[in-house]
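So the structure is just underneath, and the comments pick up after that.
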Number of protein chains: 2
Amino acid sequence: MPPDDPNPGKPAVVSHGPMADELGFHLRCAQLAAFKHFAHAVGAVEGITPGLYGMLQAIDNNPGLSQSALAVAMDVDRSSIVKVVDRLEGKGLIVRDASPTDRRRYRLHMTATGARALRRIQDAVIRQDRVFSARLDDTERATLIALLTRLYRPDSETPTARAGIGAES
Amino acid sequence: MPPDDPNPGKPAVVSHGPMADELGFHLRCAQLAAFKHFAHAVGAVEGITPGLYGMLQAIDNNPGLSQSALAVAMDVDRSSIVKVVDRLEGKGLIVRDASPTDRRRYRLHMTATGARALRRIQDAVIRQDRVFSARLDDTERATLIALLTRLYRPDSETPTARAGIGAES
DNA sequence: TATTGTTATACTCTATAACTATA
DNA sequence: TATAGTTATAGAGTATAACAATA
């Protein structure tokens with residue numbers, strides 16, 4: 001993380017020119033701010049990143065999924081998953097469970113410790129997320145989420161109510 | 001970049017659970033999608049990333065700024081700037097100009113080549129950005145930018161973009 | 001003393017390619 | 001042949017710590 005603003009008084013120098021009208025620019029700025037807020041409010045306490053948190057949620061909500069499926073879900077290559085799973089397993093949060101039907105495959109599951117940790121982390125994340133978006137009222141926040149969703153999920157059917165669905169195994 | 005969706009027909013497996021209500025999650029997804037779109041539409045042609053593009057814009061819009069000022073603007077450490085400036089200078093896009101008043105300092109400037117390249121890249125970026133946000137009409141797009149800006153710039157006085165105003169300058 | 005640019009080093013994230021053991 | 005997991009390797013990107021030159 002870069003140091004806190006070293007010169008709060010001085011002119012902020014930078015004009016952004018035409019980027020002020022580019023959605024991608026604002027998206028990047030907002031995401032960077034969100035990441036930092038997460039790191040400060042959750043990561044510093046729980047030693048976790050948004051990416052790792054997302055993986056835990058994916059495993060928790062889709063128990064037994066394979067590493068390849070997790071890779072697809074996280075939108076990264078299979079090979080990139082290995083070390084992450086190693087780490088989560090090393091922390092005792094998840095386990096690789098050999099599939100009885102396909103001996104090439106592992107089924108990923110939360111451990112009891114992992115499930116407990118995730119609930120704790122999740123509470124922190126949700127609180128942090130509310131603080132981060134405190135400048136928006138509930139309507140604005142919902143609007144923002146809806147607009148963002150349409151950007152990255154063109155087939156989006158207004159997804160708010162998806163929470164709570166298990167892994168439909 | 002990960003490979004294209006390997007199983008278009010099969011169920012997408014993953015339920016996101018409580019993350020569906022976390023703004024940070026949607027922010028991350030949207031930003032990732034924007035980054036990929038940029039890489040595909042601009043990066044593949046111009047060999048540039050959103051970060052490098054942002055640096056070029058910062059230098060172009062604030063000619064003569066120091067590397068430290070650029071680091072503050074990009075919100076990274078001074079030391080992280082060095083190699084990037086090396087690369088941009090190596091490509092002939094910018095120059096390190098020794099400051100006559102402070103011999104520790106370089107003033108960063110675009111070269112003629114760099115200025116030309118930036119204009120070309122900028123056109124591509126703006127076009128790409130419009131394609132990426134094509135699912136939103138002008139009002140929605142402006143609303144989205146306004147909401148995002150309020151997230152990362154708490155002092156923001158609702159910049160240009162207001163509901164109903166297109167992106168015209 | 002503080003600042004500017006720099007180097008050395010390390011860590012994270014991610015990709016590609018090749019390997020293995022299965023299927 | 002194709003798939004699941006793995007390893008080796010490489011390249012961004014970024015941080016910290018220390019250093020020289022300069023202020």
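So that the names make sense, note that chain A is the first sequence line, chain B the second, and so on, each numbered from 1.
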Atom-pair distance ([atom1] on [X]; [atom2] on [N]), nearest Å:
X	N	atom1	atom2	value
I81(B)	dA12(D)	CD1	P	16 Å
R105(A)	dA2(D)	CZ	C1'	12 Å
R87(B)	dT6(C)	CZ	P	16 Å
D77(A)	dA8(D)	CG	P	17 Å
F35(A)	dG13(D)	CZ	P	15 Å
K83(B)	dT9(C)	NZ	P	12 Å
Y106(A)	dT3(D)	OH	C1'	15 Å
L70(B)	dG13(D)	CG	C1'	15 Å

Minimum heavy-atom distance between L23(B) and R141(A), given as atom pair plus value: N-NH2, 3.5 Å
Considering all heavy atoms, the nearest L70(A)-V85(A) contact: CD2-CG2, 4.3 Å
Quiz item: T49(A) side-chain donor-acceptor pair to dT12(C) base, under 3.5 Å: no
Presence of donor-acceptor pair under 3.5 Å, side chain of R104(A) and base of dT3(D): yes
Nucleotide nearest [X] (side chain, heavy atoms from C-beta), chosen from [options]:
X	options	answer
S80(B)	dA4(D), dT7(C), dT14(D)	dT14(D)
S66(A)	dT9(C), dG5(D), dT6(C)	dG5(D)
D102(B)	dT16(D), dA23(D), dT6(D)	dA23(D)

Q67(B) vs dT3(C): side-chain N/O to OP1/OP2 distance below 4.0 Å: no
Donor-acceptor side-chain pairing of R105(A) and Q67(A) below 3.5 angstrom: no
Distance, nearest 0.5 Å, that separates CZ of F132(B) from CG of L27(A): 6.0 Å
Sugar-phosphate, base or nothing in reach of R107(B), heavy atoms under 4.0 Å: nothing
Sugar-phosphate, base or nothing in reach of S68(A), heavy atoms under 4.0 Å: sugar-phosphate
The single option from L136(A), T139(A), T149(A) passing side chain to side chain contact (heavy atoms under 4.5 Å, CB included) against L144(A): L136(A)
Along DNA chain C (nearest heavy atom to each residue), the more 5'-positioned of R78(B) and V84(A): R78(B)
M74(B) or R103(B), whichever maps to the more 5' nucleotide of DNA chain D: M74(B)
5'-most by nearest nucleotide on DNA chain D - R96(A) or L52(B): R96(A)
